[in-house]
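In what follows, a structure is listed as structure tokens, so that the remarks can point back to it.
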Amino acid sequence: MKGKKLFKIIKNILNVVVSVFVILFVLVVFLQRFSNNRISFFDYRLFTVVTGSMTPKYEIGDVLIAKEVEPQDIKKGDTISYLGRSGTFKDKVVTHQVVDIEQDQDGNYIFHTKGLANLIEDPIVYEDQLYGVVQAKATILSFIYGVIGTPIGMFVFVVIPILYIVGSEVIIALLEKEERRRSKS
């Protein structure tokens, strides 16, 4: 009987951990994909590198964490994420390095950016386009994104845990129902 209770406690803890992970993952993906990154989580946003423009610093598939900062706190050499407005950058999140900073006649900041692997500078970036300054590369999230981004990874790390949670709850409910039926007999 003791082993059964211990098993149930371990199973419940595992269910909570898996459920929290799945919920957080879905929440982050939802915020990132469906809000066009307009919503931050405690002033932080996650971005996934989709081109090789920042190689060798960031590789395709890397997940970057950017923090909202005031424009005046950005320095030359910082890596910023912003929403592109023109050309091939239009409506795309771009993460490039600041190569120069200016201010217009109204005191608004203007940023010159460029990908490390690119030969030419990006179109001008205005302060209202900024999402934030990259604080870190999330190695674990990059790995998870890389794995979950494949059909097999999605199945193993998302579908199977969801089926496990649902299946274990159904089995426990059936076992409890059977136990109640036997105790009444």
Side-chain angles (χ1 to χ4, degrees), residues 17-18 20-154 156-158:
V17 169
V18 170
V20 166
F21 175 77
V22 169
I23 289 168
L24 285 175
F25 178 75
V26 168
L27 180 66
V28 167
V29 168
F30 176 78
L31 285 173
Q32 184 174 349
R33 300 280 185 224
F34 301 111
S35 74
N36 200 19
N37 286 301
R38 298 211 187 282
I39 299 171
S40 65
F41 194 69
F42 297 108
D43 293 337
Y44 287 90
R45 290 184 170 93
L46 295 177
F47 299 102
T48 305
V49 177
V50 295
T51 71
S53 67
M54 286 297 287
T55 303
K57 190 172 185 177
Y58 304 119
E59 301 293 331
I60 295 172
D62 284 347
V63 175
L64 307 177
I65 301 170
K67 182 177 187 335
E68 291 177 14
V69 298
E70 294 300 320
Q72 63 269 19
D73 295 334
I74 297 173
K75 301 176 292 305
K76 198 190 266 192
D78 283 347
T79 302
I80 62 171
S81 294
Y82 65 91
L83 184 62
R85 280 193 184 154
S86 62
T88 57
F89 294 97
K90 185 166 178 56
D91 297 326
K92 294 180 182 169
V93 175
V94 181
T95 300
H96 282 168
Q97 190 170 25
V98 175
V99 294
D100 198 17
I101 303 170
E102 299 174 9
Q103 280 184 288
D104 65 14
Q105 62 274 16
D106 297 325
N108 296 315
Y109 286 85
I110 299 169
F111 300 93
H112 297 265
T113 62
K114 183 172 113 32
L116 297 176
N118 294 352
L119 298 175
I120 59 171
E121 220 177 79
D122 303 344
I124 297 295
V125 178
Y126 299 93
E127 62 182 61
D128 64 337
Q129 292 175 255
L130 294 175
Y131 283 134
V133 174
V134 173
Q135 302 293 307
K137 176 174 87 171
T139 307
I140 293 171
L141 290 178
S142 298
F143 175 76
I144 291 169
Y145 176 81
V147 171
I148 292 178
T150 66
I152 292 173
M154 177 65 97
V156 169
F157 292 102
V158 176

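For the pair Leu116/Gln97, a side-chain contact is recorded, criterion being any heavy-atom separation below 4.5 Å from C-beta on. Annotation: side chain of Tyr58 is not in contact with side chain of Ser53 (no heavy-atom distance under 4.5 Å).
In this structure, Ala66 and Gly132 approach most closely via the heavy-atom pair CB-C, 4.1 Å. Minimum interatomic distance between Leu130 and Tyr82 (heavy atoms only, all atoms of both residues): CA-CB, 4.1 Å. The two residues Ala138 and Ile65 have their closest heavy-atom pair at CB-CD1, 3.9 Å. Minimum heavy-atom separation, Ala117 to Gly52: CB-O, 3.5 Å. Considering all non-hydrogen atoms of both residues, Gly115 and Met54 come closest at CA-SD, 3.8 Å. Here the shortest heavy-atom pairing between Ile124 and His112 reads CD1-CE1, 3.2 Å.
Atom CG of Leu83 and atom NZ of Lys92 lie 11.5 Å apart (nearest 0.5 Å). Atom NZ of Lys67 and atom CD of Gln135 lie 7.0 Å apart (nearest 0.5 Å). To the nearest 0.5 Å, atoms CG (Asp62) and OG1 (Thr48) are separated by 9.0 Å. To the nearest 0.5 Å, atoms OG (Ser86) and CD (Gln129) are separated by 7.5 Å. A distance of 6.0 Å separates CZ in Phe47 from OG1 in Thr95, rounded to the nearest 0.5 Å.
Listed for the Glu102 side chain is no donor-acceptor partner under 3.5 Å among the backbone atoms of Asp100. Between the side chain of Glu121 and the backbone N or O of Thr113, no donor-acceptor pair lies under 3.5 Å. Using a distance-only test at 3.5 Å, with no hydrogens or angles considered, a donor-acceptor pair links the side chain of Arg45 to the main chain of Tyr131. Checking side-chain atoms of Gln103 against main-chain N and O of Tyr109 turns up no donor-acceptor pair under 3.5 Å.
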Q.
Walk me through whether Asp122 and Phe89 qualify under side-chain contact (heavy atoms from CB on, under 4.5 Å).
A. CA-CA 8 Å; Asp122 303 344; Phe89 294 97; 3.5 Å; yes

Q: Quick one: do Asp104 and Tyr126 satisfy side-chain contact (heavy atoms from CB on, under 4.5 Å)? Show the steps, please.
A: CA-CA 10 Å; Asp104 65 14; Tyr126 299 93; 5.7 Å; no

Q.
Using side-chain contact (heavy atoms from CB on, under 4.5 Å), reason through Arg85 and Asp128 one step at a time and then give a plain yes or no.
A. CA-CA 11 Å; Arg85 280 193 184 154; Asp128 64 337; 2.4 Å; yes

**Q.** side-chain contact (heavy atoms from CB on, under 4.5 Å) between Val125 and Ile110, worked out
**A.** CA-CA 6 Å; Val125 178; Ile110 299 169; over 6 Å; no

Return all side-chain donor-acceptor pairs below 3.5 angstrom for residues 72-79, not counting sequence neighbours, or 'none' if the list is empty.
{"from": "Asp78", "atom 1": "OD2", "to": "Lys75", "atom 2": "N", "distance (Å)": "2.8"}
{"from": "Thr79", "atom 1": "OG1", "to": "Lys57", "atom 2": "NZ", "distance (Å)": "3.2"}

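For Thr55, the side chain to side chain donor-acceptor pair (under 3.5 Å) criterion is met by no residue, not counting sequence neighbours. Residues passing the side-chain contact (heavy atoms from CB on, under 4.5 Å) test with Val50, sequence neighbours excluded: none.
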